[in-house]
2 protein chains.
Amino acid sequence: MGYSIGQVAKKTGLTAHTLRYYQKEGLLPFLQKSSSGLRVFSDNDLGWLGLIECLKETGMPLKDIRQYIDWYLEGDSTLSLRLDMFKNQKNRVEEQIRQFQKHLEKIEYKIALYEEAVKEGSLDKAVANPRMQALKNGLSQTDNAK
Amino acid sequence: MGYSIGQVAKKTGLTAHTLRYYQKEGLLPFLQKSSSGLRVFSDNDLGWLGLIECLKETGMPLKDIRQYIDWYLEGDSTLSLRLDMFKNQKNRVEEQIRQFQKHLEKIEYKIALYEEAVKEGSLDKAVANPRMQALKNGLSQTDNAK
DNA sequence: ATTTAACTTGGAGCTAACTCTAATTTTTTG
DNA sequence: CAAAAAATTAGAGTTAGCTCCAAGTTAAAT
């Protein structure tokens, strides 16, 4: 029912150093210690780590995650602040997915171009190829309009 | 035909500081200066900035972008290295999109939960609601299996 | 022509998120 | 029980990517 810091490190891919750092930053407010001073992680702590990972990987800074946790500890008076936070984060994630898909198109164009270039042995030849120019024109460019 | 650093800052959303920093880091190898020492950005430089943005926003560190540019400057002998780089980056972006979609599900569950909690005035009540528990069980959890 | 705005440089400073050190203690293993 | 592995702390150090400063130069606007 309890995990050592090393077991949690293995499970999460974080280092023990990072886990201690997260606790110091207030991200693991329920983490307990044994009588001899060793950290004992519960499944609930793992749940918090899962949420932290989700928010961190979608670009939320640790201090904002900390803010959320502080609101959580404050209780039901902060429910709507927390709801707003998740709604904002949802919008950010959706926007990022859209951006990533656009970036992916650009990278796929580069792959097509370089595959042609490797075949021809020359980037200039690949760029001059009408098929490549057609592909490039099909790209949804970042809006650089004057 | 040429843009000042300030114009490019406005266009790209980067600061003039950042643009100088990028040049110092070798990311703008073709950027010219006027006879009096002012930077003059061409459309080609803007193109490079567009690629830098694409790679940076998809998580590539500047030093790897620099590596790519160095390969570009080396000429056609590095074509396949560059192709591999773009292929790897494509895989990373696809993986990130998958992760984001999983994270999005989790955030959407939190939104549903907190909407219920705000309505009830209590997070505990929302958590106890069977509809919420069903939703939670439907989530594709990060694999925490022992 | 003057003022104001934009640009130049080298180098220092900053923030986020770790990452490591060293000395000590606890736990596990043979 | 002895040795090795894993844990503890406070605090220092690192890295990436900016961000700013000061003193001076150039360009634009009135």
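Just so it is clear, the model here is predicted, and its values are computed rather than measured. Below, read A as the first sequence line, B as the second, and so on, with proteins coming before strands; counting in each chain starts at 1.
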Inter-residue atom distance Tyr114(A).OH - Lys87(B).NZ, 0.5 Å rounding: 13.5 Å
Given DNA chain D, 5'-ward residue of the pair Gly37(B) and Arg20(B), judged by closest heavy atom: Arg20(B)
Length of the line joining Glu25(B):CD and dT15(D):C1', which is rounded to integer Å: 12 Å
Separation between CG of Leu28(B) and OG of Ser42(B), rounded to the nearest 0.5 Å: 9.5 Å
Validation row: Phe30(A), Leu73(A) side chains within 4.5 angstrom (heavy atoms): yes
Nearest listed nucleotide, side chain of Ser36(B), among dA17(C), dG17(D), dT26(D): dT26(D)
From dA17(C), dG11(C), dG17(D), nucleotide with atom closest to Tyr21(A) side chain: dA17(C)
Residue His17(B), side-chain heavy atoms: nucleotide from dC20(D), dT8(C), dT8(D) that is nearest: dC20(D)
Nucleotide nearest Leu38(B) when distance is taken to its side chain, options dA17(C), dT8(C), dG11(C): dT8(C)
Whole-Å distance separating the NZ atom of Lys10(A) from the C1' atom of dA6(D): 11 Å
Sugar-phosphate, base or nothing in reach of Arg39(B), heavy atoms under 4.0 Å: sugar-phosphate
Selection from dA7(D), dG11(C), dC18(D) that lies nearest to any side-chain heavy atom of Tyr22(B): dC18(D)
Out of dT9(C), dA17(C), dG17(D), whichever nucleotide has its closest atom nearest the side chain of Leu62(B): dG17(D)
Interatomic distance where NZ belongs to Lys24(A) and C1' belongs to dA7(D) [whole Å]: 16 Å
Whole-Å distance separating the CG atom of Asp64(B) from the P atom of dT15(D): 16 Å
Touch class at under 4.0 angstrom, heavy-atom based, for Ser4(B) against every strand present: sugar-phosphate
Aromatic ring proximity, centroids under 6.0 angstrom, Tyr72(B) and Trp48(B): yes
Rounded interatomic separation in angstrom, taking CG from Leu19(B) and P from dA6(C): 15 Å
Separation of atom CD in Glu53(A) from atom P in dC18(C), rounded to whole Å: 12 Å
Nearest-angstrom distance from the residue atom CD of Gln23(B) to P of dG17(D): 18 Å
Residue-phosphate contact under 4.0 Å: Lys33(B) side-chain N/O, dT9(C) OP1/OP2: yes
Separation of dC18(D) C1' from Ile52(B) CD1 (nearest whole Å): 15 Å
Arg39(B) side chain to Gln23(B) side chain, donor-acceptor N/O pair below 3.5 angstrom: yes
